[in-house]
Number of protein chains: 2
Amino acid sequence: MNFFQFFQQNAKAKVLAKGDVLFHQGEACQQLFYVQSGLLKGFYLDEQGNESIKSFIGDNDIITSVQAVAGSGISSFSLQALEETHVLAIDFALIEAQRMKDLTFANELVGILLKFAMKKERREFELLTLSAEQRFIQLAKEHAIWLDKITQNDLARYLGITPVGLSRIKKRVLGDHE
Amino acid sequence: MNFFQFFQQNAKAKVLAKGDVLFHQGEACQQLFYVQSGLLKGFYLDEQGNESIKSFIGDNDIITSVQAVAGSGISSFSLQALEETHVLAIDFALIEAQRMKDLTFANELVGILLKFAMKKERREFELLTLSAEQRFIQLAKEHAIWLDKITQNDLARYLGITPVGLSRIKKRVLGDHE
DNA sequence: ACGGAGCGTTAACCCAAGTTAAAATTATGA
DNA sequence: TCATAATTTTAACTTGGGTTAACGCTCCGT
């Protein structure tokens, strides 16, 4: 069976208002979500309350805590809506059951995981090899839309710096044109 | 069919001497490798010649360039042996063919990819949320063996800092006990 | 229109890590 | 064993980004 057919047949629709949390760091997460529309952030919070943003998730993205559904059962991060967001939720157990008996489905899952792996490899590359300034330039090029929709605080926490740091980088990079 | 059976039947053994390169950044990579014994580093080299180490790969690890086999065809990093290393090499096309017709095989691949995704998520977490010093402490705890086998230059490039920086961190963390 | 909340900017000061270069230590090979 | 190369440490100086706090702007809500 086709992955998205399966999704449509077995998933439940959910609507999140701005600020709503889909799942919390430290709690169980047994579902996988497909984002129909809207925008979410996945983020870590440490003991001191420092936030680090793992990723932004938008239209047509699939999101879950891999650690939770395939490992410990507990999510290591939270997922929160930055605006009104419509998602489809499906129990991961259903996906597991289906892939065990459906070759086409299993192979679509392989494809999805390969794409996911490439995305993570990319992010790893940027965090490892680029300076904060280079990461900002990269982001501004590839996700220009984010600059409008996402607050500077969140953008900074995604780049691994503070909002103050990002403000300085913006000044340096975008220039004053005085 | 079982993944490792398949591997054993279709893979070619290769022996790498210290310093040998399994595949080069910027070149095609169509194979997947299973490390029987030894140690490799996967690393990026930028235009200025700065090296960043993506990962160390040891006994029983599976390694390939996901970008290359599932995306552009070109590897974004190089893979080099840090000591004599024995690997099994298999064409990724064979894996693709097998997973398309073998449910068990496809699902084992899903399992492998889920584990890979968890590893990458972990690395992303560390690069995003921890300071260089915290990353070193973490590494010393989890991979104490690496401290002996791997040069400080390589360890530093894995942590995202310079060898000089790592020397300072070691002094700070391990203390002088004077 | 006013007052506050939230967001972004700026400034002053601090510190971790980069850079360069020299010194010290450890490995390696003839 | 000794000489040379490679690795690690140390030192001096620079720099990017953190921290704190003040300031300004904008957007609401009343």
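Labels below follow one simple rule: chain letters A, B, ... track the order of the sequence lines, proteins then strands, and each chain is numbered from 1. Values reported hereafter were calculated over all heavy atoms of this structure, with side chains retained and with hydrogens, waters and symmetry mates removed.
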Point to revise | Check: C:dG18 base within 3.5 Å donor-acceptor of B:Arg168 side chain | key: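 Side chain to base: pair present.
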
Can you see if the side chain of [X] gets near the phosphate of [N] - specifically, an N or O under 4.0 Å from OP1 or OP2?
X        : N      : result
A:Lys170 : C:dG8  : no
B:Lys171 : D:dT9  : no
B:Arg172 : C:dA17 : yes

Please list every donor-acceptor pair under 3.5 Å in which a side-chain atom of residues 18-26 of chain B meets a protein atom from a residue at least two apart or in another chain.
residue	atom	partner	partner atom	Å
B:Asp20	OD2	B:Ala17	N	2.9
B:Gln25	OE1	B:Leu45	N	2.8
B:Gln25	NE2	B:Leu45	O	3.0

Check your understanding: For the helix from C:dA1-D:dT30 to C:dA30-D:dT1, what angle lies between the axis at the first five pairs and the axis at the last five pairs, to 10 degrees?
Key -> 40°

How close or far is atom [atom2] of [N] from atom [atom1] of [X], stated in whole angstroms?
X        : N      : atom1 : atom2 : value
A:Glu51  : C:dC7  : CD    : C1'   : 15 Å
B:Leu174 : D:dT8  : CG    : P     : 14 Å
A:Asn50  : D:dT20 : CG    : C1'   : 15 Å

Check your understanding: For residues 143-166 of chain B, which residues have at least one heavy atom under 4.0 Å from DNA chain D?
Key ->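 Those residues are B:Thr151, B:Gln152, B:Asn153, B:Val164.
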
Exercise for review: Pull out every residue in residues 127-136 of chain A that has a heavy atom closer than 4.0 Å to any atom of DNA chain D, ordered by number, or say none.
Suggested key: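 Per residue number, the list reads A:Ala132, A:Glu133.
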
**Study point:** Side-chain (A:Ser167) to main-chain (A:Pro163) donor-acceptor, under 3.5 angstrom
**Key:**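 Checking the backbone N and O of A:Pro163 against the side chain of A:Ser167, no donor-acceptor pair under 3.5 Å is found.
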
Review point. Which distance, rounded to the nearest 0.5 Å, do you find between the CZ of A:Arg123 and the NZ of B:Lys120?
Key: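 These two atoms lie 14.0 Å from each other.
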
Check your understanding: Rounded to the nearest 0.5 Å, how far apart are CD of B:Glu142 and CD1 of B:Ile137?
Key ->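 Reported to 0.5 Å precision, the distance equals 12.5 Å.
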
Check your understanding: Any ion pair linking A:Lys54 and B:Glu121 (charged N to carboxylate O, less than 4.0 Å)?
Key -> yes

Check your understanding: Between B:Lys101 and B:Glu96, is the closest basic N to carboxylate O distance under 4.0 Å?
Key ->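 Looking at B:Lys101 together with B:Glu96, the answer is no, because their closest N to O distance does not fall below 4.0 Å.
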
Point to revise | Contact list for residues 50-73 of chain A, test ring-ring contact (aromatic ring centres under 6.0 Å, His included), sequence neighbours left out | key: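 Checked against ring-ring contact (aromatic ring centres under 6.0 Å, His included) - neighbours excluded - the pairs reaching residues 50-73 of chain A are A:Phe56-A:Trp146, A:Phe56-A:Tyr158.
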
Review point. Do A:Ser65 and A:Phe77 have side chains that get closer than 4.5 Å, going by heavy atoms?
Key: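 A:Ser65 vs A:Phe77: side chains touch.
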
Check your understanding: Any side-chain heavy-atom pair from A:Phe6 and A:Ile90 closer than 4.5 angstrom?
Key -> yes

Indicate every side-chain donor-acceptor pair of residues 147-154 of chain B with a distance under 3.5 Å to a residue at least two apart or in another chain.
residue	atom	partner	partner atom	Å
B:Thr151	OG1	B:Asp154	N	3.2
B:Gln152	OE1	B:Lys170	NZ	2.8
B:Asp154	OD1	B:Lys41	NZ	3.0

Exercise for review: With side-chain contact (heavy atoms from CB on, under 4.5 Å) as the test, would you mind laying out the steps for A:Ile57 and A:Phe33 before giving the verdict?
Suggested key: CA-CA 10 Å; A:Ile57 301 101; A:Phe33 304 92; over 6 Å; no

